[in-house]
Every structure is written in C-alpha cells, then in structure tokens.
Amino acid sequence: MASRSSNHTGPARTRFAPSPTGLPHIGNYRTAIFAWLWARHTGGQFLVRIEDTDRKRLVPGAQESILDGLRWLGLDWDEGPEVGGPVGPYFQSERLDIYREHAEMLIEKGAAYRCYCTEAELEQMRAEQRERKEPEHYDRRCRYLSPEQRADREARGLSSVVRFAAPETGKTTYHDLLRGDITIDNSTIDDMILLKSDSYPTYNFANIVDDHLMNITHVIRGEEYIPSAPRYAQVYRAFGWDEPEVVHVGLVLAPDRSKLSKRHGALPLLDYREQGYLPQALMNYMVLLGWSYDDKAEFFTRDELVRAFTLDRIGSSPSIFDIGRLEWFNAQYIRQMTPDELTDAAWPFLLAGLPADARATLDRAYVRAVLALDQERIKTLAVVPDLTAFFFVAQPEYDASLLLGKNLDAERAAATLPALAASLGDLRDWTPEALLHVLDGFVVQHGFIRKKADGSEVADRGPVFMLVRVAVSGRKETPGLPEMLAVLGKERTLTRLAAAAEKLASKR
RNA sequence: GGCGCAUUCGUCUAGCGGCCUAGGACAUCGCCCUCUCAAGGCGAAGACCACGGGUUCGAAUCCCGUAUGCGCUACCA
C-alpha cells in the first residue's frame, strides 16, 4: 500500500474531539491549541466534536467544563456544540445510525463481520494465550464462521459486536506529517471492534467515520494513538476514502516522567483560572510545550501565534510540564496589564481571599493604587489577598518583636515612633516625593548613620524605614516605603504608627 | 512478553552534514542597584548532543545496533 505524501494545501479543517469522561488536562488542551492554530493559520475551520460513546464512564458536567476551558483560552469553534454546523450532529451519541450504516457497508464489502464471542470467552482465550506465552490477541474465531453457523447464532439471539476484518499478512504503512512513514506488520494487530454490543461505536470507529464525514483535513492528536493509526488507515482504505493528514504530537509528562496527574500539580485546566493564572499566559506557555518558532521568540499574542504557527515546527518527543516556567510567563503577563485590567482580574480574588471586614469596604480607586504598587510581585492572582491584606484591614496583626531590628533596639524604636509621627503629622503634601524628603530628613536629624567599607559615614535609612514598614504593614517585605505610605494615606499611617508605639510600650 | 514512538544543559527548546570549542529561555548561584521584598542590569555554572558501531574529507545532524523512558497491546478514549 502506498504511503501518502503531505500535500494538503489551503484551508484546513481540524477538530478537537474530547470525551466527557473526565476533565482534560494541559496536554489535551495543548493538542486543541495546535488544532485551533492550524485551522486559523490556514483560514480554515476548527470543530469540536463530543465523543460520548462510552456511556458507562460519562461524567456529569464534564462536557460543560471542557467547553468552558476552550472558551477561557479563547479557542472558538466554527462548528460543534451550541453552534451546530452543516455536518452535524456533533455529538457522537446522536450519530448512532450513521455508524451502524457504515458498519453495515463494511460487512457487505466483506471488510467487517459480526463476532458473537462473550467477554468470558475472550478472557478465557487470553488466559490460554498467556499460559502458552503467546501475545494476547483476538484469534478471529468468528471471522470465518460458515453462513450456517452465523445463522444459528443469530437464531439463538446471541448478542454480537462488529469487528473489522484486518489484513492478516503483509505490512501497513501510514504517513505521519512529523514522523514520516510508520510501518507495522499486519500480523501484530487483530480485528478491532467497530460496534460494541450495545451498538454504540468504539472510539476507533466513530472517529474515522466522523473525520471523513466532517471533511477533516488534519488530524492532530497525542502520540498514544500512534499504535492505532495503521489500523485506522486500513479502515479508511476499506471504505475507499482518502486519509486525512495525521500529526501525532508528543505527550506532556509530569516532572518524574510519568503521566500527568493531580499529584504533580497538573490540574484540570480551569483550576488554573482559580489559582490565578491568566489565559494568555497559559496559552503562551502551553504552545511552547512541543512547538517553537525559532531559537529566540518567547512571547506571542494570539494573533502572532496564528500567523506564526506551522505544523512542521511541532516537536515529536514528549515534554515535561514545568509549573515554574508557567509561573514566570504568568508574572510576565501580569506585569504587562494596565492598572484597570489588573484591578478587574484581581477583584474576584480579593473578594474571595480578604477578611470579611476588609472585603466589605473595597474601593476601586484604592484597590487599583494598591495593585499598582504590588504588580511586579504578583506571580499569580491568588497571592494578591495575602500580599495586600494590610492595606484593607483596620489594623494589621503582628508581633511587637517584628518592629525591632539588629540596628534598632526597643528603646530607640519606642523613641523614634512618636517623633516620626510628629514629623509626618505636619506634612501637608502626602506624596511619595514629600514623604521621602521627610523620612530622609528624619534619618539625618536623629543620627541614623552607617559606616561604609572605607570608613566613611553615611545616612542609614534602614532602621527607620524598616520600623515604619512593619508598623504600617505588619510585614518585613512590602513595596517601597514612600510609595506605600502615599497610597495608604495619612490617616491610616498615623493611626498605625501610634498603634505600634503602644505595642512596644505594653511589651516592656 | 509483543509492537511502536522518543532520546541536545535539572526543565522548555534552537540545531534538519561544515556557521557548534552546541544558541536562547525558566530554575539555580554570584555581583550591581537598593529602605525590605520583588523587578531590573551584569555575570557564572550547567549538555563528552543516551551509549556503541558505521557512512562521509567532515555528524548533535544520515544508517544500524544497544540501553533507557514512554505509549499501545479493552465491547476506554
């Protein structure tokens, strides 16, 4: 059999065909991204098809969640659930007649047959094969039944499946756009089931029929399907159909090279939304797992990806999911946001994560100013409440010992706080520049000095700045002090300085 | 077990016979900046291109074998 060359040009029709038996993870969506990009790049169509043929494993709500994930990433589909299209329905459970007809066509051609074996019989057959140390495979016992035997089984009302009558000898080659020709020996594959006894199609069959009927030009899927691909090719050829172009992309693995699972921080896609990741960041990170533009480019807008994406630059080896790199992308995208965008994005996280009293009085302008201060410290939106809570609560909680440092004992701290409060109290122009001016003046006046390596003495902001930092925030790490005080406001600042002084007094 | 796919710094990758004494990025470490934490700047370290044979004037790049990893081997997808 001749192998196909990669000669498809023009608009591509690609599809994402999730099974609502669970929530797809990063790897599955990465495949969807590739398919979507290729359709958009070529000016073609992207379809979504729900493969709900496994009635036992259907998970309620999975389908909605899968579609929400696509929408969140901005992967719009031209045909599929909710939007319909000319070659629907797009739910396999609504296409049962189509699969039955096509199975019947193959039976008539002699390319498929009914198999009456029960699960128990098959299990026994496999057990015997194991005992004889033979590879387990269906031994085709129903393939060569005589018409009489067949009639007998039908008369007895035995339930049956439809199997494909695969070539028993020779080799089958199919062409993978990335990996080239892949050839397998026909003796290593058995007759796969096309229609189950409940008359639902198997994935293996439905996906062939649908891809053909839906005029899919490029099938992009995970490499776990490589072993099945020659069998699909055989079925296409039995129908006399042209095969679509096929690309098997490498798997996405966990850091220990095992399959991705929750254990490794690889969550269902939408969980990343809850953890404060931006869809643009996810998209950018995911597309670079197994695809590259060149040796330098890292950041791509959606439009740039559509323009730049080509199938030939997809890699063929598995890649490992690295949450650290995702975080870096996320932080980069957060830094690029405008104050208003950041406020919109962070708002729900503040509502969810702030103490009740702080949450009740959120003021948009104030929130926006606070977020601008912390923008470059936000790796994921989920850290926002913790990072900024002290701006919103009535009084931050902290231990008095936090106020003291290696260059500042309790006595000096206690003396410094009221004096500084007095200086700041006189300040009318509550801006970062004016605040810095007052703070620096205070440092010099009160003799906070530090010796440099060469022995010369310079003003030492450290002790005073840190004292004030902790007094107003209860933390040792915050945005720059003058900027922070400016946003915090005069009233809050003075109140907190007074509270800190009391804290020290009551401790002694 | 059988069959298949894969194999470049810890990680994502560039490389498709000479530009490679292997480039970029994340992470790591150091220095600078500095009121802290970040961010930023500069720099370091990190890959005998899994291993062994070929082919070739020349191989990370082509071929074969081995090893390792992963996948498939279901009336799952």
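Numbers restart at 1 for each chain; the letters A, B, ... are given by sequence-line order, proteins then strands.
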With a 4.0 Å cut-off on heavy atoms, is [X] in touch with a base, just the backbone sugar-phosphate, or nothing at all?
{"X": "A:I320", "answer": "sugar-phosphate"}
{"X": "A:R130", "answer": "nothing"}
{"X": "A:R179", "answer": "sugar-phosphate"}
{"X": "A:G290", "answer": "sugar-phosphate"}
{"X": "A:R450", "answer": "nothing"}
{"X": "A:I189", "answer": "nothing"}
{"X": "A:P482", "answer": "base"}
{"X": "A:P230", "answer": "nothing"}

Legend entry - Electrostatic pair A:D190-A:R140, nearest N-O below 4.0 angstrom: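 Result for this pair is no, no salt bridge flagged.
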
Legend entry - Identified side-chain hydrogen bond (donor to acceptor under 3.5 Å, both in side chains) counterpart of A:Y99 within the set A:T53, A:D210, A:T202: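 Of A:T53, A:D210, A:T202, side-chain hydrogen bond (donor to acceptor under 3.5 Å, both in side chains) with A:Y99 is met by A:D210 alone.
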
Rounded off to whole Å, could you give me the [atom1]-to-[atom2] distance for the [X] and [N] pair?
{"X": "A:I26", "N": "B:C12", "atom1": "CD1", "atom2": "P", "answer": "15 Å"}
{"X": "A:H248", "N": "B:C3", "atom1": "NE2", "atom2": "P", "answer": "20 Å"}
{"X": "A:L23", "N": "B:A77", "atom1": "CG", "atom2": "P", "answer": "18 Å"}
{"X": "A:D460", "N": "B:U34", "atom1": "CG", "atom2": "C1'", "answer": "12 Å"}
{"X": "A:N186", "N": "B:C3", "atom1": "CG", "atom2": "C1'", "answer": "12 Å"}
{"X": "A:E327", "N": "B:C12", "atom1": "CD", "atom2": "C1'", "answer": "15 Å"}
{"X": "A:D374", "N": "B:U36", "atom1": "CG", "atom2": "P", "answer": "16 Å"}

Watson-Crick or G-U counterpart of [N], or none if no pair lies under 3.5 Å:
{"N": "B:A74", "result": "none"}
{"N": "B:C33", "result": "none"}
{"N": "B:U21", "result": "none"}
{"N": "B:U28", "result": "B:A44"}
{"N": "B:A59", "result": "none"}
{"N": "B:U68", "result": "B:A6"}

Inset, instruction - Mind telling me whether A:Y113 and A:Y138 have parallel, tilted or perpendicular rings, with 30° and 60° as the class edges? - result: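 The rings of A:Y138 and A:Y113 lie parallel, inter-plane angle below 30°.
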
Inset, instruction - Take A:E477 and A:S316, find for each the nucleotide of RNA chain B with the closest heavy atom, and name the residue whose nucleotide sits nearer the 5' end. - result: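 By nearest-heavy-atom nucleotide position, the 5'-most residue is A:S316.
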
Legend entry - Given RNA chain B, 5'-ward residue of the pair A:W291 and A:T188, judged by closest heavy atom: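 The answer here is A:T188.
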
Legend entry - Presence of A:S319 side-chain N/O under 4.0 Å of B:U13 phosphate oxygens OP1/OP2: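 Answer yes for this pair, as a side-chain N or O of A:S319 is under 4.0 Å from OP1 or OP2.
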
Euclidean distance for [atom1], [N] against [M] (whole angstrom):
{"N": "B:G46", "M": "B:U61", "atom1": "C1'", "value": "23 Å"}
{"N": "B:A6", "M": "B:A50", "atom1": "C1'", "value": "12 Å"}
{"N": "B:U36", "M": "B:C42", "atom1": "C1'", "value": "22 Å"}
{"N": "B:C37", "M": "B:A22", "atom1": "C1'", "value": "37 Å"}
{"N": "B:G43", "M": "B:C57", "atom1": "P", "value": "42 Å"}
{"N": "B:U8", "M": "B:G1", "atom1": "C1'", "value": "32 Å"}
{"N": "B:C51", "M": "B:U68", "atom1": "C1'", "value": "10 Å"}

Legend entry - Rounded distance [0.5 Å steps], CG in A:L122 versus SG in A:C115: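 One gets 6.0 Å once the value is rounded to the nearest 0.5 Å.
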
Inset, instruction - Would you mind telling me which of B:C35, B:U13, B:C37 lies closest to the side-chain atoms of A:S292? - result: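 Per side-chain heavy atoms of A:S292, the pick is B:U13.
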
Legend entry - Protein proximity profile, nucleotides 22-30 of chain B - base contact B, sugar-phosphate-only contact S, no contact -, cut-off 4.0 Å on heavy atoms: -BSBSS---

Inset, instruction - Can you check each nucleotide of nucleotides 69-76 of chain B against protein heavy atoms at under 4.0 Å and return B for base, S for sugar-phosphate only, - for none, in 5' to 3' order? - result: SSBSS-BB

Inset, instruction - Kindly say whether A:L195 contributes a backbone atom to a donor-acceptor pair with the side chain of A:S199 at under 3.5 angstrom? - result: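 Such a contact is absent between A:S199 side chain and A:L195 backbone.
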
Legend entry - N/O donor-acceptor pair under 3.5 Å between A:R143 side chain and A:A166 backbone: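 Judged by distance alone, yes, a pair lies under 3.5 Å.
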
Inset, instruction - Answer yes or no: side-chain N or O of A:R377 and base N or O of B:C37 forming a donor-acceptor pair under 3.5 Å. - result: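 Per atom types, the contact qualifies.
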
Legend entry - Side-chain donor-acceptor contact under 3.5 Å, A:Q92 with A:E51: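 There is such a pair between these side chains.
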
Legend entry - A:E154 side chain to A:Y116 side chain, donor-acceptor N/O pair below 3.5 angstrom: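 Yes - a donor-acceptor pair under 3.5 Å links their side chains.
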
